[in-house]
Amino acid sequence: MSTFPTLKTSRRGFLGYMATGLGGIALAHLTANDGCFAAAQANPSNPNAARPPHFPAAAKNVVMIYCAGAVSHIDTFDYKPELVKRHGQRLPGSDKLVTFQGEQGNMIQPLWKFRPCGESGKLVSDLLPHLGELADDLCFIHSLTTKTNTHGPGENAMCTGSTLDGHPSIGAWVTYALGSANDNLPAFVAIADPRGDPPMTVNDWGSGFLPATFQGTKFNATKTIANLQRPAGISVEADAAWRGFLRRLNARHLDQLPGDAELIARINSYELAARMQLSVPKVTELSGEPDHTLKLYGADDAQNDLKAGFARNCILARRLVESGVRFIQLFNGSYNQGGEGVSNWDGHRMIKPQYDVHGRIMDQPVAGLLRDLKQRGLLDETLVVWCTEFGRMPTFQKGAEGRDHNPHAFTCWLAGAGVKAPFSHGATDEFGYKAIDNVQTVHDFHATILHLLGLDHEELTFYHNGLDRRLTHVEGHVIRDVLV
Amino acid sequence: MWKRLLAIERLTFATLGLGACCALVCTLASPRTSIADTPVATGHWSFQPLVRHELPHNDGEFSQNFIDTLILAKLDEARLAPSGPADARTLIRRLNLMMLGIPPSPVEVAHFVESARPDAWERLVDRTLADPRYGERWAQHWIDITGWGESDGFEGNAPRENAWPYRDYIIQSFNDDKPYDVFVREQIAGDAFGNPTATGFLVAGPADRVKSPDIVLTLNQRQDELAHMIDTTGTVFLGLTLGCARCHDHMFDPITHRDYYAMQAVFAGVQHRGEADEYIGKFEQPGPTHRLDRGDPLQKQEVVAPGAISSLAGFAMDAESTEQRRRIRFAQWLTRADNASTWRVIVNRLWQHQFGIGLVDTPSDIGSNGSRPTHPKLLDALAIELVRSDGSLKHVHRQILLSNTFRQQHVPRKAALAIDAESRLLWRYPPHRLEAEAIRDSMLAVSGVLNNQIGGPGFLGFELQVPTDRVFLPKKAYGPGDWRRMIYMTKIRQESEPTFGVFDCPNATHTVGQRSRSTTPLQALNLANGTFVIQQAQLLAARIQREVPDSAELQVRRAFSLVLCRAPDVGDLKESIRIVELFGMATLCRALLNSNEFVFVL
């Protein structure tokens with residue numbers, strides 16, 4: 001195993017090699033049939049080394065903001081005057097309609113006023129006033145649909161492309177494709193909400209059937225990586241001593257297997273871990289951030305700990321972008337402190353008071369992140385993605401003051417590198433019940449994100465259990481309309 | 001070309017919940033314009049009968065048995081020579097780690113190294129195969145492929161308190177050397193063969209407990225459950241991705257859309273139900289099974305009777321056959337001596353877990369989209385050996401272990417690497433890293449705290465966050481209850497054990513035929529600083545100080561022989577003594593437990 005097999009070996013031979021795992025090193029397609037792509041000769045002893053994209057990329061980094069619980073498009077970004085007009089009436093054709101929790105009540109107008117924002121006059125609800133101010137920087141996709149009306153599978157679909165558990169997250173796919181753009185931090189970081197993990201937890205940033213090398217590393221502004229620091233009770237000197245001896249043991253062992261890539265990779269992983277012990281506390285240490293920055297994000301909000309905490313995570317996201325972390329997934333909402341709308345966007349029964357809470361937590365920090373990236377010139381090379389698993393109904397549920405799940409329509413937005421702004425793509429019907437114009441799938445959404453990173457979603461494959469798997473399965477089209 | 005095919009064959013799934021199948025079928029699809037009625041040709045190697053090939057003539061000293069003869073023939077073709085025999089210390093360590101998942105004790109090493117008996121190896125192999133830790137080690141491989149877990153998965157992921165008897169059944173079956181055909185039949189229809197616990201296999205997978213008045217969701221949840229049974233049965237026993245035929249004929253293998261629903265009819269009465277005594281299959285007489293257009297439960301087509309893969313000598317039975325009878329027939333079909341796939345797949349798995357990689361490196365897919373075997377004749381010879389020995393897995397293990405192929409050195413040779421960098425032709429024993437479980441178990445064994453209790457309810461590898469019980473946190477402290485082998489750690493779906501999970505440990509969401517073997521800084525941090533490992537280093541140090549009270553040098557020697565099965569050389573010894581004197585024995589132990597040498601099999 002001491003040399004990397006030549007990439008000219010048979011595709012299957014190479015894939016077998018990947019699975020036996022010096023760590024899934026290069027793109028499978030590079031071995032296959034595509035003379036048009038440069039063959040990235042990846043170094044198996046350093047699987048994190050940067051690899052070139054398929055074609056020149058618009059974006060170098062991604063910040064993917066995932067809002068758990070299904071944000072109501074009706075009450076945020078997808079204004080439907082017809083709902084206001086027909087407030088309190090039946091949704092046409094809904095008599096026999098059974099959605100996730102059951103029967104429908106009447107149509108209910110948006111619970112916040114919409115007002116024109118920016119030069120473009122885009123209508124955004126008063127629930128999210130700070131984001132409204134940035135409407136000119138946002139590229140909305142109003143016509144998204146997904147394959148499930150259930151949170152777990154929906155969250156899986158948005159984060160991994162599959163409704164089922166255990167598929168590689170989009171961040172893992174990107175890391176598998178492109179490697180790391182820095183030498184002392186993980187390539188892919190998952191930042192959990194201060195309230196806890198999102199419902200599907202590690203599945204959202206896991207590596208699935210890709211080698212574990214490509215999984216996201218979870219930490220946030222207050223909770224660092226597990227086992228990062230020297231254990232309590234062990235002195236600096238003792239810590240240096242065992243490391244020194246480990247180096248010696250490993251070097252002597254390697255003498256017996258000169259050039260063995262797996263052994264070298266493991267030696268390197270201890271060195272990277274040691275660098276992370278210094279670099280991670282540095283990047284999560286926000287005390288050096290000036291007051292005006294804290295204020296911009298709302299991290300100074302003494303009245304709202306959750307908002308301040310989420311704002312600190314947003315500041316961390318910016319710092320990670322600055323440090324060359326390729327893929328950052330920023331979570332908003334969790335189920336740890338109560339499901340069904342209490343600590344997330346799942347507003348089944350009391351959507352108004354619950355969204356008042358969640359809107360305040362999410363709005364200013366995300367807007368602050370966009371403004372900060374922009375003023376530092378980072379938005380030119382960073383793609384910001386704001387997403388959720390599906391939308392909500394234009395009706396209230398029968399006997400409740402909230403909206404049920406709606407997989408037939410939801411809104412997500414993109415901002416930054418390579419995307420048009422201000423821009424709105426696709427549309428739902430007059431009530432916001434179904435996407436009808438330029439209907440898009442989650443696979444389309446993913447294909448577009450990969451495209452902006454210089455990756456062809458049909459070429460990015462990994463063999464697993466009988467098939468060359470893709471993030472987008474056999475589906476997905478790049479949404480060309482949103483590209484600059 | 002494939003882009004055109006994609007356009008022709010793109011499948012739009014009208015249904016909810018589809019995800020596992022069909023990924024990327026089109027990038028490799030042969031140029032067929034129809035996906036109906038014309039099953040793929042059965043000329044593929046794995047659909048051919050087992051053939052006993054004449055052994056090539058090579059009478060050099062390497063050829064200990066038929067395995068060596070067939071390995072040598074391929075090496076000759078590639079102008080490669082096998083390696084010489086590994087030294088006794090390397091050999092006993094390799095044997096223990098691969099077969100038991102735990103290194104040999106210093107006494108065992110010394111005994112074998114010093115033995116002058118000509119049959120020392122054979123005796124050691126027999127003793128090892130009779131060791132109950134063998135079943136614990138090999139059951140883990142079986143659990144990987146079944147995707148068995150002790151929670152429901154999906155959003156709720158509620159625990160299955162009574163799923164563990166199936167795990168014990170597997171351990172026991174391996175230890176008893178249960179004939180493989182019996183082992184297979186019991187897992188499909190154990191309720192009919194006096195071993196209902198074995199049907200834990202059928203309900204090993206996740207079950208979505210989210211209930212909705214939405215009938216489409218409910219129907220799809222049931223279809224997903226059945227798909228998991230069919231898919232797992234196919235990958236585990238036949239090395240065929242049956243799930244690919246859920247929406248249409250299989251793109252690569254001779255499995256029709258109708259075959260899929262014939263097999264669904266076999267399993268249609270199997271229910272997940274956990275409240276009872278054991279989490280095993282529960283059965284009720286099912287209604288008719290329909291073929292579903294594009295897998296969509298709202299698009300029912302004709303009724304399909306229970307059956308198997310028609311192109312592989314399937315069977316026919318009445319559509320109204322009793323539930324149990326269906327599974328019995330299917331199990332009998334699976335285990336026929338002429339169902340070559342069944343036998344090839346299992347001997348390939350045995351080979352895989354004795355060398356780190358199989359003769360076919362896609363062990364759960366020997367269909368047209370899988371790899372070809374590096375040594376097809378050897379694969380058949382091993383399969384025939386298994387059939388002839390009445391399904392004795394230990395017999396096949398023994399043949400492999402007694403071969404010179406297994407006993408070779410691991411040392412790389414530049415010229416050989418240039419020809420076969422992956423050592424797939426076995427010109428040496430291929431070195432590789434241990435799996436999560438073997439690393440953890442080995443630590444416990446060398447520190448002396450390993451709790452050898454076999455079987456029974458498992459232990460939890462996490463602390464549960466109250467009051468939700470849904471958040472799994474790392475434990476703050478570990479005690480004797482945690483120091484059982486990792487196979488007894490309750491397998492929570494989706495969750496990854498906080499210290500060792502990052503070593504590519506499956507989380508029971510998929511069937512995993514071949515684990516990845518990746519290297520990450522999180523692995524390094526967990527072994528370097530994790531509470532579990534730090535404590536093990538301290539326990540190991542305490543053990544050494546207890547056993548060898550007075551001399552730093554003897555203590556260091558003891559540490560090396562426990563952890564690395566060898567003596568330190570002069571330089572290591574000197575440096576080790578310095579570290580022990582300055583920082584204590586635990587500091588040295590921490591380094592040893594983190595070393596490449598400890599976590600690699602050579």
Side-chain angles (χ1 to χ4, degrees), chain A residues 1-3 5 12 16-17 19-21 23-24 98-100 102 147-153 162-166 199 202-203 209 211-213 217 226-228 230-231 238 241-242 245-246 248-250 253 257 262-263 265-266 269-270 272-273 276 336 461 465-470 473-474, chain B residues 10-11 16-17 19-20 22-28 153-155 210 212-214 217 235 241 357 361 364-365 367 369 371 412 417 421-422 431 433 468 471 474 494 496 502 504 509-510 514 516-526 529-530 534 575 579 583 587 590-591 594-597:
Chain A
M1 292 226 180
S2 27
T3 56
R12 185 61 65 227
Y17 172 82
T20 46
V98 176
T99 53
F100 180 73
K147 287 180 183 167
T148 170
N149 62 358
T150 314
H151 290 294
S162 171
T163 53
L164 301 177
D165 294 346
V202 67
N203 200 63
F209 45 74
T213 318
T217 300
N227 301 319
L228 183 66
R230 176 164 49 88
W242 86 268
F245 191 64
L246 177 67
R248 175 196 171 91
L249 277 175
N250 284 347
H253 183 246
L257 291 126
E262 205 174 351
L263 295 178
R266 198 157 181 279
S269 74
Y270 277 78
L272 173 56
M276 278 166 54
N336 295 359
T461 67
N465 279 1
L467 292 168
D468 286 343
R469 307 275 170 169
R470 284 176 14 198
H473 297 193
V474 289
Chain B
R10 180 181 297 280
L11 299 159
L16 303 170
C22 294
L24 255 220
V25 285
C26 300
T27 58
L28 287 169
F154 293 96
E155 279 170 80
V210 174
S212 163
D214 180 354
L217 177 63
T235 51
T241 50
I357 186 162
D361 63 11
S364 290
D365 179 18
N369 204 23
S371 299
L417 284 169
E422 299 170 65
R433 196 200 75 214
T468 60
V471 181
Q494 302 164 6
S496 179
V502 289
D504 301 280
T509 53
H510 279 286
Q514 168 91 41
S516 293
R517 212 164 64 226
S518 65
T519 304
T520 79
L522 296 187
Q523 295 168 350
L525 287 171
N526 287 359
N529 300 330
I534 294 292
E575 181 60 15
I579 287 176
F583 304 106
T587 301
R590 190 176 167 206
N594 273 272
S595 67
N596 278 350
E597 190 172 348

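Chain identifiers are assigned alphabetically (A, B, ...) following the order of the sequence lines, protein sequences preceding nucleic acid strands; residue numbering begins at 1 within each chain.
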Quick check for you: to the nearest 0.5 Å, what is the distance between A:Tyr270 atom OH and B:Gln523 atom CD? 8.5 Å
Stepwise salt bridge (charged side-chain N to carboxylate O under 4.0 Å, His left out) check, B:Arg433 with A:Glu262: CA-CA 8 Å; B:Arg433 196 200 75 214; A:Glu262 205 174 351; 5.3 Å; no
Reported CZ-to-CD1 distance for the pair A:Arg230 and B:Ile534, which is rounded to 0.5 angstrom: 11.0 Å
Return the CD to CG distance between B:Glu597 and A:Leu257, rounded to the nearest 0.5 Å. 10.0 Å
A:Arg248 bridged to B:Glu575 by N-O distance under 4.0 Å: no
Closest non-hydrogen contact found for B:Ala591 with A:Phe245 is CB-CD2, 3.8 Å
Please report the closest heavy-atom contact between B:Ser518 and A:Pro211, naming both atoms and the distance. CB-CB, 3.8 Å
The interface call for B:Val502 against chain A, heavy-atom contacts under 4.5 Å, is both
When the 4.5 angstrom heavy-atom criterion is applied to B:Thr235 and chain A, the contacting part is neither
Measure distances from A:His253 to the heavy atoms of chain B and classify the residue's part below 4.5 Å as side chain, backbone, both or neither. side chain
Look up atom CG in A:Leu249 and atom CG in B:Asn596, then write down how far apart they are to the nearest 0.5 Å. 9.5 Å
Tell me which of these, B:Thr241, B:Leu525, B:Leu522, has more heavy-atom pairs under 4.5 Å with chain A than the rest. B:Leu525
Does any non-hydrogen side-chain atom of A:Asn250 lie less than 4.5 Å from one of B:Ser595? yes
For each of A:Leu246, A:Val202, A:Asp165, tally heavy-atom pairs with chain B at distances under 4.5 Å, and name the one with the top tally. A:Asp165
Return the minimal non-hydrogen interatomic distance between B:Thr587 and A:Ala238, and the atom names on each side. CG2-O, 3.6 Å
Most chain A-contacting option - heavy-atom pairs closer than 4.5 Å, from B:Ser364, B:Pro521, B:Gly530: B:Pro521
Taking all atoms of both residues into account, what is the closest heavy-atom pair of B:Asn526 and A:Ala226, and its distance? OD1-O, 4.2 Å
Only one of A:Thr150, A:Thr99, A:Asn149 passes side chain to side chain contact (heavy atoms under 4.5 Å, CB included) with B:Asp214, and that residue is A:Asn149
Residue part contacting chain B, namely of A:Leu263, when any heavy atom lies under 4.5 Å: both
